[in-house]
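If you read the sequence from its start, that first residue is 1, and numbering goes on from there.
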Amino acid sequence: MPLKISNSLRTRLLILLSAAIVLTALAQALIAYQTARSEADEIFDYHMQQMAIMLGSGITLKGGSPGAQVQHDEEGFDFVVQAWTADGISVYRTHQSMLPQLGVSGFAEVTLDDGRYRVFATKVGVINVQVAQDLDARLEMARKLALRTVVPIVLIAPMLMLLVWVVVGASLKPVLLASRQVALRQADELEKLEEATLPDEIRPLVHELNLLFARVRKAFDAQQRFVADAAHELRSPLAALKLQLEGLRRSADTSTRDIAMGRLTSGIDRATRLVEQLLVLARHEEGIVNSMPREYLPLSEFTKQAVADVAALARERSIDIGITTADEGSILVAKDALGILLGNVLSNAIKYTPDGGTVDVAVVRTASELQLRTEDSGPGIPLSERERVLDRFYRIAGASASGSGLGLSIVKSIVEFHGASLSLSESEKLGGLKVCIAFRLEL
C-alpha cells in the first residue's frame, strides 16, 4: 500500500524535513563511528610502536648475562610485551602467555589460548621486541571512543527537528492568517487580502485572488445596478398595464372595449420587449458573456441574414432597407452575441426612421478592420447625447419612438466583449444616425 502524505503544506514540510534530519544524522553517525574506530586503531598501533621502541632501548641484560630475564604479570594490563636476544633468549615479558617469536618486523594478528592479539614486532639493537594488545579490549576501547563522537549527533538531531518545527510554523503563519481571513469572510466581503507580509512563493497566489475579488466585486456591483434599474424600469409598464386592465374592465361598450384591448395588447408587447431586452442585457453583463465560445464567422453573410429577418418589419412602414456594400471577411466572435448585436442595430435603425425612410447597411473591409456600418434617414442623435445613449435605460427626451433605452447599451456590451470599437456620428448621405462597429482582423 503506497505511503500517503498529508495535503497540509506544514505537515509535509515537517515530515520531509524531519526525515531528512534523521537520515542525515544516521549517515553522519555511521560515518563518524567508522572514522573514530579507524582513528582509534591508528592511535593504538602508534602507541604499540612507541612502546616497543622505548622498551627495546631501555632493556639491559642483568649481570651482563644473556640468560637473565625480567617477568611482569600485572593484572588488568592489556598489553603483552616480550623481548629476546638474537640467540632467542627471553629477557623480558609481562605475561604468562608466550607470544610466538615473529621473524618479520611489523604488525600481525595471532591467536593464543586466551584470545586473539594484534602484535607489533621490531628489533632495537641486539634486542627483538614484540608488543601485543588483546583485540577484544582494543575493540571495546575503540567502540567507547567512537560512541563519544556519535552521542552529540544523536542529541543534536531532536534539537534540529524542534528548530525546524518552530521555523516552519513561523514561516507559514502569514499563510494561515490569510486562510483564516478568507474563511471568516461573508459572501459580500470582497476587500483585498494583505500581500506585503506573505512569502514570495505565496504572494502571486494571493495577488491573483485579490484580482479575482476585484472582478467579482465589479460583477456584483453591476448585478446590483442591473437589479435596481430593472426594478425601476419594470415598475412603470406594470403600473400602466394595471391601469389599462382596469380601463378594459370598466368599458361599457364594444368600441371602448376594443380600444382598451388594443392599448392593453400594446402595453403587453412593450413589457415583453422590455423583459426580453433585460434578459439579453443580463446575459451580456461583464463576466457572464466570457463563457460564450468564439468562432470565425463571415460578417457579410450574417449581416445579409439579419437584414432579411427585419425586412418584414421595414416593409410595414415602407422603409427601404438594403445592403450597399458586402466585403468578404471573417471575424472571431460569439455566434449568438453577433446575432443579438445585428438585430439590435438594425431594429434600432428601423424604429427611429420615419415611415417611407431609408436604412443603408454596409460591410466594409479596410487594411486592418472589418466594419459594419448602418445609416438611416431618421432624426439622428445630437452630439451632446451620443455618449449618454450608450448608458442603460437612457432615452433622449422627446423621442418619437417608444423603447426601453437598452438597445445601444446591449450593442456596447457585445462590442466591448469582442474588443471591437463603436462610434456614433451623423450620416452624410441620409442625414440621420450613422453607427460604425469596427472588428479587428486577424493578420
May I ask you to check whether over 12 heavy atoms, not counting those of [X], lie within 6.0 Å of atom [atom1]?
| X | atom1 | answer |
| --- | --- | --- |
| R148 | CZ | no |
| E428 | CD | no |
| R116 | CZ | yes |

Minimum heavy-atom separation for [X] to [Y], with atom names?
| X | Y | result |
| --- | --- | --- |
| A32 | I153 | CB-CD1, 4.2 Å |
| Q371 | A438 | CG-CB, 3.9 Å |
| M48 | A132 | CE-CA, 4.1 Å |
| P354 | G378 | CD-CA, 3.7 Å |
| A314 | I350 | CB-CD1, 4.1 Å |
| A306 | L342 | CB-CB, 3.7 Å |

Working to the nearest 0.5 angstrom, can you tell me the gap between [X] [atom1] and [Y] [atom2]?
| X | Y | atom1 | atom2 | value |
| --- | --- | --- | --- | --- |
| S423 | K434 | OG | NZ | 7.5 Å |
| I331 | L299 | CD1 | CG | 4.5 Å |
| L430 | D360 | CG | CG | 5.0 Å |
| F302 | D309 | CZ | CG | 11.0 Å |
| D376 | I321 | CG | CD1 | 10.0 Å |
| L441 | L332 | CG | CG | 11.5 Å |

Open item on the list: Before you tell me yes or no, could you show the steps for L433 and Y352 under side chain to side chain contact (heavy atoms under 4.5 Å, CB included), namely the whole-Å CA-CA distance, both residues' side-chain angles and the distance that decides it to 0.1 Å?
Closed with: CA-CA 9 Å; L433 179 66; Y352 290 95; over 6 Å; no
- [ ] Using side chain to side chain contact (heavy atoms under 4.5 Å, CB included) as the criterion, point out the one residue from N348, V435, V345 that pairs with V411.
- [x]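 When N348, V435, V345 are each tested with V411, the side chain to side chain contact (heavy atoms under 4.5 Å, CB included) holds only for V345.
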Using atom types as modelled and distance alone, determine if a side-chain donor or acceptor of [X] lies under 3.5 Å from a backbone N or O of [Y].
| X | Y | result |
| --- | --- | --- |
| R365 | E328 | yes |
| T358 | D320 | no |
| R373 | T325 | no |

TODO: Establish, from distance only, whether the side-chain atoms of Q49 and D45 form a donor-acceptor pair under 3.5 Å.
DONE: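 There is no such pair (donor and acceptor under 3.5 Å, judged by atom type) between the side chains of Q49 and D45.
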- [ ] For the residue pair V131 and H47, establish whether any side-chain heavy-atom pair is separated by less than 4.5 Å.
- [x]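 Result no, sub-4.5 Å side-chain heavy-atom pair not found.
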Task: Full working for side chain to side chain contact (heavy atoms under 4.5 Å, CB included) between L14 and V164 - done: CA-CA 7 Å; L14 290 176; V164 165; 4.3 Å; yes
TODO: Kindly determine whether L372 and V361 satisfy side chain to side chain contact (heavy atoms under 4.5 Å, CB included), including the steps that lead there.
DONE: CA-CA 8 Å; L372 171 66; V361 183; 4.1 Å; yes
Task: Derivation of the side chain to side chain contact (heavy atoms under 4.5 Å, CB included) call for L163 and M159 - done: CA-CA 6 Å; L163 180 61; M159 297 174 62; over 6 Å; no
